[in-house]
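Comments concern the structure below.
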Amino acid sequence: MSYHKINRILVIGLGLIGGSLAKALKRKQFATLIAGFDMSPDEVRQGLELDVIDEGFNELAACVPIADLIVLAVPVKATHQVLEQIKPLLSSHTIITDVGSTKANVVAAARDVFGAIPSGFIPGHPIAGSEKSGVIASDDQLFVKHKIILTPLPESDPSAVQQVARMWQATGAEVLQMAVERHDEVLAATSHLPHILAFSLVDTLAREQDSTEIFRYAAGGFRDFTRIAASDPTMWHDICIANKQQLLNQIDNFTAGLAELRTAIEHTDSQAMTGVFTRAKAAREHFNRMLTRSAYSLNRHQDHVTFRVRKAMAIQGNTRVPGDKSISHRAVIMGALAEGVTLIRGFLESEDSLATLQAFRDMGVVIEGPHQGQVKIYGVGLHGLCPPPGDLYLGSSDISMRLLSAILAAQEFDSRLLGDDLLMTKPMVRITQALRTMGAQVDTADGGVPPVNIYAVESLQGIDCTMQVPSAQVKSGLLLAGLYAQGKTTITEPVMTRDHTERMLQHFGVDVQRNGLTVSINPGQTLKAADFNVPGDMSCAAFFIVAAAISSNSDVVIEQVGINPGRSGLIDILRLMGADIDCTNAADLNGEPVVDIHVKYAPLQGIAIPAECLSASSDELPLVFVAAACAQGESLLKGAAELRGKEQNRVQAMTDGLRKMGIVIDNKNGQISITGGEFIGAKVDSFGDPRIAMALSIAGSQAHGDVLITGCDHVASSFPDFVEIAQKIGLRLQKEET
């Protein structure tokens, strides 16, 4: 059956939820008629007086036959009775939904009343409410930015599901779908259990002899935690009965966890207590991100961010950039797999590196922080990771997924890695194919994209691998997997890539052999905890290096930047083009070379950029385009045909963006030609790639006219301080959110 447009909606039960839904739909003019039924004449009268409903009824026979959609906003235990009453009055096209907080018993009631579930019966549950009750508490904003869970059945007609979803979306809610059993399990943990605990705590304290004194001195924490104990006792009695088994399961889980914490307190087990508290704090912060729809949520629905850039006069001053992202990831990994306690300083608190940190928390590693760049990790050793409670969610961090895939391939438990919409499109073929050669059992979705499913194997085997395509992440993954393998693992690269993993393994006490382009590692070694200082991120510094190199009268110093041999390709290219760049105050920081980078403006000249330089600057490729576009004459990018995956996507994005800004770019036979010229104002798209967004911002600093860059949502997760540092040194860059 196809269900036609909804003209008349009937809400049965004018309490808080029913009244708020009716009021919201009436304000949005979602239907021609919003009617309300309630057993209480006073509730109906107030609903009309408060303009919550268009028409009110006290008899079902008068309103059910005319309704296109009926919402059962009654207590769960009353569902069976109401369905029996409305059954003989229903039209064949009427859709029925409900708002009950448990679904299995609602479905059972419908099955009992109707025999076969009607195709228009769509169970639902709004995750919203308050301690207030009655139609007088109706709030047309109650569902805005709240979730509505629909639990359609195999019998449900898709068009009916769509109509119910549209109704809830009209109230400003986000509509999700879930199986009935899963809904009741999730709600038992996230809603029902907290309410039961609040009721129990208040009741326990109220029965103490000195309860008056206890409540008199209770602070805000007690008030906030127990606020929900002011809810309707009868309703919660009914919920406990309706969702009995799921709730008992959650009470058992909580009781076991509380017993573990009690034991830790009794024995003054500081690490166990810290583990509970830090995991809980991190989980709470993650929960807040999900509520605010920020970057580290399962469904990334951020505000749309646009950068507006105006021509800069000069880039000047001294500054520092955040800790290196690649090294931050690896420092967490090494600290977690080491034996002992590791203190990391300078950790980059971006969404990507936080994803790696959270993944190890999910696998039982106690981690304090981050706080002002400091992270304390209580390592569990190579074989101390625990099975995660569920899928490991990694946000948009592809490096997290590739490196964790290698580590998890050697564990004695299965695991599954997934991420946000952006990460779920990124290919994982190179790392998964390489791990399979070591005996790993790993698969992906079609096209080699996530989710990555990893299955436990008895052991991995060391390999002698010659890589055809340079990749520091794949090399790092194989080295980490090699720690667990039987036999030596040897990797030969076609060109030198960044060697952060090799250097850091050595810092944590692992013997790594390097001979030219070949690196080897023997299994059976142990990582020993070691404090680690993260140098400034060269990839972050690169944007301001290029900004100063192309802006007249510029003079900027970027302090304490990591200049790993595999990360200096951009500086080499800029120097070949005539840039004035000095590296001073060289030092060694935990095995990583660091320098202060001093850049003064000097006119750039177009050159033929060697393929080896291009390969060594793959992450900075968008900035190579910008430098070439600002140089005098023509620049040729050799080896462009060898670029793959995200590099090719970035080539296309930069080509499109710079052409709109007036730059001539040709791409023929795998060789890219860029002719330096004058930039004009334009509206360009970064396609959600943070490096493209930031590189186009640097290009925009040379334009005559405003440059608007769309799709900048992910910059904050990649380089949180980009806008602030850019403004500090003289870039005229504004972030606009819609």
Side-chain angles (χ1 to χ4, degrees), residues 189 250 252-287 296 328-344 347 353-371 374-395 397 400-401 403-419 440 442 451-457 460 477 480-481 483-484 508 526-530 532:
Q250 295 302 328
D252 290 344
N253 289 340
F254 173 76
T255 303
L258 188 61
E260 291 179 4
L261 180 56
R262 186 191 186 285
T263 300
I265 296 171
E266 180 182 7
H267 294 93
T268 320
D269 186 341
S270 296
Q271 184 170 339
M273 286 188 283
T274 301
V276 172
F277 300 146
T278 55
R279 286 193 300 271
K281 181 177 185 296
R284 171 61 181 168
E285 290 170 349
H286 182 54
F287 172 60
Y296 195 51
S328 293
H329 284 287
R330 289 165 170 82
V332 170
I333 291 171
M334 303 298 176
L337 299 180
E339 296 179 355
V341 180
T342 293
L343 179 64
I344 303 171
F347 175 80
S353 45
L354 287 172
T356 294
L357 189 149
Q358 183 60 41
F360 280 102
R361 278 198 174 111
D362 289 342
M363 291 187 285
V365 181
V366 176
I367 303 175
E368 296 182 39
H371 177 66
Q374 287 202 173
V375 177
K376 192 174 185 178
I377 303 176
Y378 296 81
V380 297
L382 282 175
H383 303 284
L385 296 177
C386 300
D391 298 338
L392 289 173
Y393 174 73
L394 302 173
S397 180
S400 300
M401 185 165 285
L403 297 186
L404 284 170
S405 293
I407 294 166
L408 290 167
Q411 303 304 314
E412 296 180 349
F413 52 81
D414 298 346
S415 51
R416 187 169 186 259
L417 308 179
L418 48 79
V442 54
V452 178
N453 299 296
I454 303 169
Y455 308 98
V457 295
L460 300 179
L480 292 170
L483 290 168
Y484 295 90
F508 281 81
T526 300
L527 282 74
K528 298 296 184 183
F532 194 89

Item checked: Stepwise side chain to side chain contact (heavy atoms under 4.5 Å, CB included) test for Val366 and Phe277 -> CA-CA 9 Å; Val366 176; Phe277 300 146; over 6 Å; no

Give every donor-acceptor pair under 3.5 Å between a side-chain atom in residues 376-389 and any protein atom, sequence neighbours left out.
{"unit_1": "Tyr378", "atom_1": "OH", "unit_2": "Glu368", "atom_2": "OE2", "d": "2.6"}

Item checked: side-chain contact (heavy atoms from CB on, under 4.5 Å) partner of Ile454, chosen from Leu404, Val442, Ile407 -> Val442

Margin query: Checking Ala406 now: which residues fulfil side chain to side chain contact (heavy atoms under 4.5 Å, CB included) with it, not counting sequence neighbours?
Written below: Leu435, Ala481

Item checked: Main-chain N/O of Pro451 paired to Arg416 side chain as donor or acceptor, under 3.5 Å -> no

Checklist line | For Asp414, all residues meeting salt bridge (Lys or Arg N to Asp or Glu O under 4.0 Å), sequence neighbours excluded | finding: none

Next item on the list: Evaluate the side-chain proximity of Val452 to Leu408: yes if any heavy-atom separation is below 4.5 Å, no if none is.
Entry: no

Notebook entry, point to check: With Ser328, which residues qualify under side-chain hydrogen bond (donor to acceptor under 3.5 Å, both in side chains), at least two apart?
Noted result: none

Notebook entry, point to check: Listed by chain and number, what are the salt bridge (Lys or Arg N to Asp or Glu O under 4.0 Å) partners of Glu412, not counting sequence neighbours?
Noted result: none

Check: How close do Thr342 and Ala530 get, heavy atom to heavy atom, and via which atoms?
Finding: CG2-O, 3.1 Å

Note to self: Can you confirm whether Val375 sits close enough to Phe532 that some side-chain heavy atom of one is under 4.5 Å from a side-chain heavy atom of the other?
What the structure shows: no

Checklist line | Set of side-chain hydrogen bond (donor to acceptor under 3.5 Å, both in side chains) partners for Asp362, sequence neighbours left out | finding: Gln358

Notebook entry, point to check: Residues in ring-ring contact (aromatic ring centres under 6.0 Å, His included) with Phe360, at least two apart?
Noted result: none

Notebook entry, point to check: By side chain to side chain contact (heavy atoms under 4.5 Å, CB included), which residues pair with Ser397, not counting sequence neighbours?
Noted result: His329, Asp352, Ala355, Ile399, Ser400

Notebook entry, point to check: In chain order, what residues pass the salt bridge (Lys or Arg N to Asp or Glu O under 4.0 Å) check against Glu260, with sequence neighbours excluded?
Noted result: none

Check: Roughly how far, to the nearest 0.5 Å, is the CG atom of Leu417 from the CG atom of Asp391?
Finding: 8.5 Å

Note to self: Applying side chain to side chain donor-acceptor pair (under 3.5 Å) as the test, list every pair that has at least one member in residues 263-276; sequence neighbours left out.
What the structure shows: Arg262-Glu266

Margin query: Quick one, Ser353 and Val332 - any side-chain contact, counting heavy atoms below 4.5 Å?
Written below: no

Item checked: Under the side-chain hydrogen bond (donor to acceptor under 3.5 Å, both in side chains) test, residues paired with Gln411 that sit two or more places apart -> Tyr484

Notebook entry, point to check: Between Leu403 and Gly477, what is the shortest heavy-atom contact and its length?
Noted result: CD2-N, 3.9 Å

